[in-house]
Each structure stands twice: as C-alpha cells, then as structure tokens.
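Numbered from 1 within each chain, the chains take letters A, B, ... in sequence-line order. The figures here come from the full heavy-atom set of this structure, side chains too, leaving out hydrogens, waters and symmetry mates.
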Amino acid sequence: MTDTVRVRFAPSPTGPLHIGSVRTALFNWLFARHHGGVFILRIEDTDIARSTPEYEDAILDGLIWLGLDWDEGPFRQSERDDIYAEHLERLKAASNVYPCYCLPEELEARRKEALAKGETPRYDGRCRDRPDPPPAGQEPAWRLRMPQEGATTITDLIRGPITTENSQLDDLIMARSDGTPTYNFVVVVDDATMGVTHVIRGDDHLANTPKQVHIYEMLGYPLPSFAHQSLILGPDKGKLSKRHGAASVTEYRAIGYLSEALANYLLRLGWSHGDQEIFSRKEMIDLFGLEAMTKSPVIYNPEKLLWLNAHYLRQAEPKRLCALLEPFLPAAGVGVERFRADEAKALGAARSWQERSRTLVELAEGVSMFYADEVVYDEEAARKFLTPERIPIFEELIGRLEALESFDEAAIEAALMGVVESHGLKLGKVAQPCRVALTGKTVSPGIFEVMALMGREVVVSRLREAVAWMEQRKATSTS
RNA sequence: GCCCCCAUCGUCUAGCGGCCUAGGACGCCGGCCUCUCACGCCGGAAACCGGGGUUCGAGUCCCCGUGGGGGCACCA
C-alpha cells in the first residue's frame with residue numbers, strides 16, 4: 001500500500017462543537033480507522049475575532065469524550081502564516097493571482113446590483129488586467145485568476161461526477177488587503193501540505209470545491225478525493241440550531257447522554273448497513289464506507305437518539321454507570337461521598353433504575369430515592385394508598401420483617417407473601433401502599449428490591465411513619 | 001434571481017428491472033406479561049412527489065415538472 005489514507009477534521013473554534021460537525025468528525029474518523037489511515041485534527045482559527053481558546057478546548061474535550069482520537073495535530077492555522085505567505089508568493093510569481101484595488105464597499109454595492117438584476121453576483125474583473133497605474137498608498141487584495149472558459153468536473157465519492165461551468169467561478173480573493181489569507185486558499189494549502197488524500201466534509205462546501213480544484217492545480221498539488229455528505233436539518237427542515245433543542249456535544253453530555261448513543265445515532269443518520277440499527281465501535285469501523293451514505297439532507301430526530309441512549313444505558317455495566325452517574329448526583333440531591341460509601345448499594349440502586357431511565361439525569365433522579373433522608377409523600381398517592389384500613393396490614397408486615405433472619409430479596413418476598421395470604425389479598429394491594437410509604441411515589445423498582453436496597457432499619461421506620469400518618473388521618477377524619 | 005445537489009411511511013432507512021401484497025427502526029395506537037413504572041413480547045395504522053417515456057415488465061433507467069436543500073463575501 002503506497003498511499004495511506006489521510007483525512008482531517010477542521011473545525012473553527014467559534015462556537016460549541018455542533019452536532020453536524022461531530023457527524024463530519026465521526027465519518028472522517030471512521031474512514032481513517034476503516035482504512036488504517038491517519039486522522040488529522042486542524043483548528044481553523046483564521047477568524048481571530050470570533051475564535052476563542054475556550055471553544056477550542058470544548059472541541060477537543062468533545063472529541064475525546066466521543067472517543068474520536070486524532071493521530072496528528074491539533075494544528076492551528078494561526079500558526080502557519082509563513083506557509084500561506086510562501087504559497088501566495090508562488091501564485092504571484094506565476095501570475096495566477098493579481099492585485100485588486102476595489103474597495104469592499106464598492107464590491108458590496110456591485111454585488112447588490114447584480115443580485116437585483118437577477119445575475120449571479122460575481123467579481124467583474126475590472127482589476128484583472130488593469131491598464132492604469134494602481135492607486136497610490138493603497139494595499140491591494142490578491143485575487144485568483146480563475147479560468148473563464150470551459151468547465152470543471154469533480155468526481156465526488158458520494159455524489160458522483162459534478163460539473164460546473166468555469167464562467168460561474170469567481171476570481172476569489174486569496175489574501176485580504178491586510179495580508180491575511182482567506183478560507184478557500186488556506187484550506188487548499190493545508191490539505192495539500194498535510195497530504196490529505198480524502199476531503200470528507202459537509203454539503204455546504206460542494207460549491208467551493210471546483211474553485212479549490214483550480215487552486216490545487218495552480219499550486220501544482222495533486223487533487224485529493226472529495227466526498228460531500230448531506231447536511232442535518234431540524235424537524236422543521238430548517239438549519240439545525242438551538243431552537244431544536246440541544247445542538248452541541250457539551251449540552252448532550254450535560255443532560256445525561258452517553259457518547260456511544262450519540263455516535264450510533266449520528267452514524268445512522270445518513271448512513272446505513274441493511275436493517276442494522278445498533279453498532280458497536282468495532283462494527284462501525286469494520287462496516288463503514290462512503291458508498292452507503294445518503295445524498296439527501298437528513299432530518300434530525302431527537303426521539304430516536306433518546307431511544308438509543310436508553311438502549312445503551314440498559315446495556316451498560318452497573319459499575320460504569322455508577323461512575324458516569326456521579327456528576328449528576330448533586331442535582332438529584334445525592335451526595336457523591338455518600339453514594340461512594342456503599343458500593344453494593346450504589347450498584348444495586350443503579351441497576352434497579354437502569355432499565356427505567358433514558359438519560360443519566362433520569363437515572364440519578366431514580367437512584368435518589370435510596371438516599372433521601374426523609375420520605376415526602378406525593379399527595380395524591382398518599383390519599384389513595386395510605387388509608388387507615390391498611391394499618392393492620394402494615395403492622396403485620398412490620399412484625400414479619402423484623403422477624404426475618406436475613407433481609408434479602410427472597411426473604412422479603414416471603415414476608416410480603418405471608419401478609420398477602422393471611423389477609424386474602426392480591427400482592428398489589430400490599431405492594432402499592434408499601435411503595436408509597438417507602439418512596440412517597442407510586443412508581444419505583446420492584447418492591448422487594450426497593451426494600452432490600454433501603455435496608456431493614458429504614459424500611460421498618462418508614463412503615464411505622466406511614467402507620468402514624470394513617471392514624472393521624474383516621475383521627476382527623478372522625479373528629 | 002442565477003448555479004449546484006437531492007427526492008420510498010411523520011422521521012432514519014432497506015430496495016441497486018421481475019424476489020414488492022414495498023422490509024426494518026424510532027415515534028404513535030392496541031394487546032400480553034405484571035406488585036407500580038419500565039423492560040420484553042405480539043399485533044396495527046403509516047410511504048414509492050406528479051407527468052411523460054424506455055422495457056415483456058419500473059420504487060428501481062431516461063426526460064420534464066414540482067418540492068426540498070446548499071451555494072453565490074476582503075466569513076469559515
């Protein structure tokens with residue numbers, strides 16, 4: 001194998017790591033891993049005004065969280081000025097670029113005019129072969145001398161051949177009048193000098209590609225392969241944004257999503273392998289290929305992501321779950337130290353709620369019932385289930401529970417069933433009131449499990465509290 | 001406005017000329033299981049954008065229309 005696959009992910013640190021960007025990163029990473037290639041991380045921070053180190057950190061964190069490790073970089077465009085300058089000189093030397101003295105305001109005016117006349121706004125080329133001497137004391141921008149005849153065809157790995165008339169191509173500015181290079185120029189220089197073999201990016205760059213092709217050619221670099229993936233749209237078919245809910249990796253992480261769920265969801269969004277929905281990391285790498293990518297825009301569906309998250313939550317090892325849970329505990333009113341203090345209990349608590357939770361936030365809330373110092377009765381639940389006629393049932397149960405030699409699930413079940421039988425009831429008639437007495441709610445894991453997890457002391461004292469509560473109720477209703 | 005791309009259930013998709021009475025998944029609706037809630041299981045409603053061709057035969061190929069998306073900066 002002479003040519004190693006080299007791909008890159010090139011985000012700009014001008015905002016949080018967006019879901020759409022993550023998908024691009026994921027596809028590039030999978031492509032690299034599938035082909036045993038190299039995944040390069042490049043930070044496109046040429047827009048110094050909007051780029052911040054905080055955003056860059058968020059991007060790196062997000063990638064690490066998702067397990068998308070890079071082999072080279074992070075490179076920063078802000079650190080490559082001399083490379084761009086040198087390439088600009090090459091273009092100047094070959095007259096592939098010419099100085100343009102048009103003012104930004106003039107250009108803007110002409111653009112609007114063209115748009116108003118229904119034409120493609122395009123530089124009119126007035127500086128292209130400027131006969132008169134340049135205005136004194138003004139630094140020019142440098143424009144690419146784009147071919148005006150013929151057409152450019154690229155063969156996109158996802159979309160097939162795409163032809164653009166060169167007359168549609170603008171004389172792009174390569175360097176601004178302040179000397180700084182522009183995007184289309186630096187992208188080509190970077191990709192070429194970094195030896196990128198496959199440019200896999202969003203559909204929004206498709207129209208830039210023929211322009212970039214000419215830059216490659218003028219610079220004498222070989223062309224990479226291009227693959228343009230469709231964009232992610234919001235449920236209203238507009239651009240996916242904050243309006244549609246969480247849109248960045250940081251947010252998803254904060255609201256209790258698992259990285260494998262996000263990755264699995266994003267992978268299936270626009271890529272498929274028959275009817276398969278769930279992919280392990282290894283399967284993703286083994287099966288991934290650009291051929292199976294969809295060409296049409298895809299609509300983001302948070303419901304399915306939630307389902308996948310619930311799925312991965314259910315699959316997770318309880319031990320890992322406990323570790324993942326810690327950051328979410330305080331918000332649910334559980335002290336992390338206390339949670340850590342009894343590992344068996346923590347494990348049991350997590351296990352008891354894992355198939356009932358769709359996010360780590362829900363899991364933490366569920367688990368919190370085993371760590372609360374007091375029960376707070378849900379008003380309606382108490383009114384319905386903690387009725388005075390159940391007092392004898394509770395008393396008998398307390399007696400049986402206290403007599404138990406071992407307070408494990410099997411023994412607890414036997415005790416409950418004993419009460420059920422002696423009163424000729426169905427289990428539900430005993431379990432539901434107990435559930436309310438112990439948790440304050442009508443929903444919880446299985447009652448035997450809940451009792452075992454809470455421990456005899458807590459269970460008995462709460463049952464007694466419930467009895468007291470019911471007696472109080474009886475007293476007030478008769479008086 | 002101009003250029004480019006795209007088009008199967010609400011959504012993600014399978015389908016690469018006969019296997020399609022169009023399959024799967026999420027969501028939705030019903031049922032089963034059951035100490036509650038979930039999980040799980042069973043069942044249901046739900047799509048080939050329209051019109052022309054090509055062909056013995058079209059969801060699959062071609063053209064036009066329509067619809068959707070993207071792009072047209074001294075932003076990236």
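Spacing between B:A76 and B:C72 at atom P, rounded to whole Å, works out to 12 Å. Nucleotides B:C42 and B:A47 have their C1' atoms positioned 24 Å apart, rounded to a whole Å. Taking atom P in both B:G59 and B:C19, the straight-line distance is 10 Å, to the nearest Å. Comparing the P positions of B:G50 and B:G71 gives an interatomic distance of 29 Å, to the nearest angstrom. B:G30 and B:C37: their P atoms are spaced 14 Å apart (whole Å). As rounded to the nearest Å, B:G43 and B:C33 have C1' atoms that lie 15 Å from one another. On the P atoms, B:G17 is 24 Å away from B:C12, given to the nearest whole Å. Of the C1' atoms belonging to B:A14 and B:C9, the separation is 13 Å, rounded to the nearest Å.
In this structure, of B:C3, B:U36, B:G10, it is B:U36 that holds the atom nearest to the side chain of A:V443. Listed candidates were B:A76, B:C5, B:C12. Nearest to the side chain of A:L269 is B:C12. When the nucleotides B:G24, B:C74, B:A76 are ranked by their closest atom to the side chain of A:S177, B:C74 comes out on top.
Taking a cutoff of 4.0 Å between a charged side-chain nitrogen and a carboxylate oxygen, A:K92 and A:E89 qualify as a salt bridge.
Across all strands, A:E277 comes closer than 4.0 Å to base atoms (heavy-atom distances). At the heavy-atom level, A:G270 lies under 4.0 Å from the strands shown only through sugar-phosphate atoms. Note on A:L306: nothing from the nucleic acid sits closer than 4.0 angstrom, heavy atoms only. At the heavy-atom level, A:H205 lies under 4.0 Å from base atoms of the strands shown. Within 4.0 Å of A:I173, counting heavy atoms only, lies at least one base atom of the nucleic acid. Within 4.0 Å (heavy atoms only), A:A207 reaches sugar-phosphate atoms of the nucleic acid but no base atom. Residue A:F448 is classed as a base contact, given a heavy-atom separation below 4.0 Å to a base. Across all strands, A:I447 comes closer than 4.0 Å to base atoms (heavy-atom distances). Looking at heavy-atom distances under 4.0 Å, A:C102 makes contact with a base. Counting non-hydrogen atoms under 4.0 angstrom, A:P210 reaches nothing in the nucleic acid. Among the heavy atoms of the strands lying under 4.0 Å from A:T46 are primed sugar atoms or P, OP1, OP2 only; no base atom is included. As judged by a 4.0 angstrom heavy-atom cut-off over every strand, A:T442 is placed among the base-contacting residues.
B:C49: Watson-Crick or G-U partner is B:G65, with both key distances under 3.5 Å. With a 3.5 Å ceiling on both atom-pair distances, the Watson-Crick or G-U wobble partner of B:C41 is B:G31. Pair check for B:C56 finds B:G18; Watson-Crick or G-U wobble, both atom distances under 3.5 Å. With a cut-off of 3.5 Å on both Watson-Crick or G-U wobble distances, the partner of B:G1 is given as B:C72.
Not a single donor-acceptor pair, N or O on each side, falls under 3.5 Å between the base of B:G70 and the side chain of A:D204. Between the side chain of A:R122 and the base of B:C72, no donor-acceptor pair of N or O atoms lies under 3.5 Å. The base of B:C39 lies outside donor-acceptor range of the side chain of A:R314, with no N or O pair under 3.5 Å. Side-chain atoms of A:S444 stay outside donor-acceptor range of the base of B:C37, with no qualifying N/O pair under 3.5 Å. Contact annotation: side chain of A:E355 to base of B:G40, donor-acceptor pair absent below 3.5 Å.
Between A:K211 and A:K304, the one whose closest nucleotide on RNA chain B sits nearer the 5' end is A:K304.
In terms of heavy-atom proximity, A:N166 sits nearest to A:P147 at CB-O, 3.5 Å. Of all non-hydrogen atoms in A:E465 and A:Y377, the two that sit nearest each other are C-OH, 4.2 Å.
None of A:D129, A:L91, A:V97 except one satisfies the side chain to side chain contact (heavy atoms under 4.5 Å, CB included) rule with A:R145; the exception is A:D129.
Here B:U11 presents its C1' atom at 10 Å from CD of A:E303, a figure rounded to the nearest Å. Atom NE2 in A:H311 sits about 16 Å away from atom C1' in B:G24, given to the nearest Å. With rounding to whole Å, A:L267 atom CG is found 18 Å from B:A25 atom P. Here B:C26 presents its P atom at 9 Å from CG of A:L308, a figure rounded to the nearest Å. The interatomic distance linking A:L397 (CG) with B:C35 (P) rounds to 16 Å, in whole Å.
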Problem - side chain to side chain contact (heavy atoms under 4.5 Å, CB included) assessment of A:F27 paired with A:L267 - result: CA-CA 8 Å; A:F27 289 146; A:L267 173 69; 3.9 Å; yes
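The backbone N or O of A:E260 lies less than 3.5 Å from no partner atom in the side chain of A:N264, so there is not a single donor-acceptor pair.
Contact between the side-chain N/O atoms of A:R143 and the OP1/OP2 oxygens of B:C74 is found at a separation under 4.0 Å. Distances shown here put every side-chain N or O of A:T164 at or beyond 4.0 Å from the OP1 or OP2 atom of B:C4.
Between A:F226 and A:Y216, the ring planes are perpendicular. Angles over 60° get that label, and only those under 30° would be called parallel.
Sparse packing is recorded around CD of A:E379, with 12 or fewer heavy atoms of other residues, nucleotides or ligands lying under 6.0 Å away.
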